[in-house]
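As structure tokens, the structure follows; a few thoughts come after it.
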Amino acid sequence: MSNTPISIADLRKSYERAELNEDASQADPTAQFGLWLNEAIAAQVPEPNAMTLATVASNLRPSTRVVLIKGFDARGIVWYSNYASRKGRELAGNPYAALQFHWVELERVVRIEGVVEKVSDEESDAYFNSRPLDSRIGAWASPQSEVISGRGVLVANAAKYGAKFMLQPPRPPHWGGYRLKPDHWEFWQGRKSRLHDRLRYTLQDDARWLRERLAP
């Protein structure tokens, strides 16, 4: 085994798996996203539903974290979380956010920007009740983003709420769904010689999508 240190600056990858062009892409970005997401699932890439969520606080400092998409349609991208968490507080103060999917094995990235709103109580209830019991108890047990003295706090909280609610924990009032309503999409396909394909979709005033190619 070599003891020579690896230079991060020298790491290279040639992207040669696929291409993305205007003729072969969907006119509607939601349809294009659905196509790519299904291909990522079929390819069995690790956690194809994982996406990075970027928000901006009132002090203009951005922050990111990974969340899981739980649904999408023409209205937008849906995920669920604790409304009192850091991301929840930041979205309450500034509803504009960005999402990013990175399917490394397929050499693809999808970036999405837009405004975020809470989903209906009915949608949140339906999804919450579909979750495993441990996950439903966990939504009560974790004061997400707050400082705690140790893991024992979570274990004790889980035991307390498990005993309180047994097999029927209701959805906590501080937990529910968000929907990002896109006004910008970008689809990136890695290509050889760093001449990557980038297609951007921008929502127009007439509710149509303008599709444009961006230089890499």
Side-chain angles (χ1 to χ4, degrees), residues 30 33-34 36-38 40-42 44-59 61-103 110 112-182:
T30 304
F33 173 73
W36 272 20
L37 178 59
N38 286 335
I41 294 171
Q44 297 184 325
V45 304
E47 295 198 273
N49 54 336
M51 57 187 184
T52 299
L53 165 65
T55 56
V56 179
S58 58
N59 61 4
R61 291 179 65 97
S63 61
T64 64
R65 73 288 291 160
V66 176
V67 297
L68 301 179
I69 182 175
K70 292 301 178 181
F72 75 96
D73 54 25
R75 297 173 297 169
I77 308 291
V78 174
W79 70 95
Y80 292 84
S81 186
N82 187 315
Y83 292 146
S85 65
R86 178 178 177 180
K87 57 184 169 296
R89 297 193 302 269
E90 291 181 353
L91 287 170
N94 176 12
Y96 290 95
L99 299 170
Q100 177 172 292
F101 292 83
H102 187 191
W103 298 309
V110 180
I112 314 163
E113 301 175 19
V115 66
V116 177
E117 64 182 13
K118 291 181 179 179
V119 306
S120 68
D121 288 342
E122 291 76 14
E123 289 177 89
S124 290
D125 287 340
Y127 175 69
F128 184 81
N129 291 329
S130 75
R131 304 179 84 206
L133 177 61
D134 287 350
S135 297
R136 283 178 280 155
I137 293 296
W140 284 95
S142 175
Q144 194 173 104
S145 301
E146 294 184 14
V147 175
I148 57 176
S149 59
R151 185 171 180 82
V153 172
L154 301 177
V155 175
N157 283 349
K160 179 180 71 174
Y161 287 112
K164 179 178 180 179
F165 296 125
M166 303 299 287
L167 299 178
Q168 298 296 329
R171 178 173 64 90
H174 57 263
W175 191 98
Y178 289 104
R179 177 180 288 108
L180 184 141
K181 301 164 58 178

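Every heavy atom of this structure was used, including side-chain atoms; hydrogens, water molecules and symmetry mates were not.
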- Mind listing the closest non-hydrogen atom pair of T64 and A54 along with its distance? CG2-CB, 3.9 Å
- Query: Just by distance, do the side chain of S145 and the backbone of S85 share a donor-acceptor pair under 3.5 Å?
  - Reply: no
- Query: Can L180 and I112 be said to form a side chain to side chain contact (heavy atoms under 4.5 Å, CB included), step by step?
  - Reply: CA-CA 9 Å; L180 184 141; I112 314 163; 3.7 Å; yes
- Message: Whether the R65 and T55 side chains hold a donor-acceptor pair (N or O, under 3.5 Å, no angle test) is what I'd like checked.
- Response: yes
- Which heavy-atom pair separates I137 from G162 by the least distance, and what is that distance? CD1-CA, 3.8 Å
- Task: Would you check if the side chain of N94 reaches a backbone N or O of E90 as a donor-acceptor pair within less than 3.5 Å?
- Result: no
- Could you please spell out the steps behind the side chain to side chain contact (heavy atoms under 4.5 Å, CB included) verdict for Q100 and L53? CA-CA 7 Å; Q100 177 172 292; L53 165 65; over 6 Å; no
- Any side-chain heavy atom of V119 sitting closer than 4.5 Å to one from Y178? no
- Task: For residues G34 and F72, report the shortest heavy-atom separation together with the two atoms involved.
- Result: CA-CZ, 3.6 Å
- May I ask you to test the M51-I77 pair for a side-chain heavy-atom distance under 4.5 Å? yes
- Item | Residue pair V78 / Y127, side-chain heavy-atom distance below 4.5 Å | no
- Is it true that a side-chain atom of H174 and a backbone atom of W140 form a donor plus acceptor pair closer than 3.5 Å? no
- Query: Taking the side chain from R136 and the backbone from R131, do they hold a donor-acceptor pair closer than 3.5 Å?
  - Reply: yes
- Message: If you compare all heavy atoms of P143 against all heavy atoms of N157, which two are closest, and at what distance to 0.1 Å?
- Response: CD-ND2, 4.4 Å
- May I have the step-by-step check of ring-ring contact (aromatic ring centres under 6.0 Å, His included) for F101 and F33, ending in yes or no? CA-CA 10 Å; F101 292 83; F33 173 73; 5.1 Å; yes
- When every non-hydrogen atom of L91 is compared with those of A97, the smallest separation belongs to CD2-CB, 4.0 Å
- Close side-chain approach of P169 to Y161, heavy-atom, < 4.5 Å: no
- Message: We want to know whether K87 and S63 form a side-chain donor-acceptor pair, criterion being a heavy-atom distance below 3.5 angstrom.
- Response: no
- Query: How close do S124 and G176 get, heavy atom to heavy atom, and via which atoms?
  - Reply: OG-CA, 3.5 Å
- Query: How long is the gap from CZ on R86 to CD on E146, to the nearest 0.5 Å?
  - Reply: 14.0 Å
- Note on the structure: Separation between CZ (R179) and NZ (K70), nearest 0.5 Å, reads 15.5 Å
- Message: With heavy-atom distances below 4.5 Å as the criterion, would you say the side chains of I69 and W79 are in contact?
- Response: no
- Message: Just so I know, are the side chains of E47 and V66 near enough to count as touching, which here means a heavy-atom distance under 4.5 Å?
- Response: no
- Task: Quick one: do W175 and Y83 satisfy ring-ring contact (aromatic ring centres under 6.0 Å, His included)? Show the steps, please.
- Result: CA-CA 5 Å; W175 191 98; Y83 292 146; 7.9 Å; no
- Drop me the distance from L133's CG to L167's CG, to the nearest 0.5 angstrom. 6.0 Å
- Message: Does F165, at its CZ atom, have more than 12 non-hydrogen atoms belonging to other residues, nucleotides or ligands within less than 6.0 Å?
- Response: yes
- Given the rule in the side chain to side chain contact (heavy atoms under 4.5 Å, CB included) test, do E123 and Y80 qualify, once you have shown the distances and angles that lead to the verdict? CA-CA 10 Å; E123 289 177 89; Y80 292 84; 4.3 Å; yes
- Taking side chain as C-beta onward, heavy atoms only, is H102 less than 4.5 Å from V110? no
- Check whether any side-chain heavy atom of V153 lies under 4.5 Å from a side-chain heavy atom of S142, and answer yes or no. no
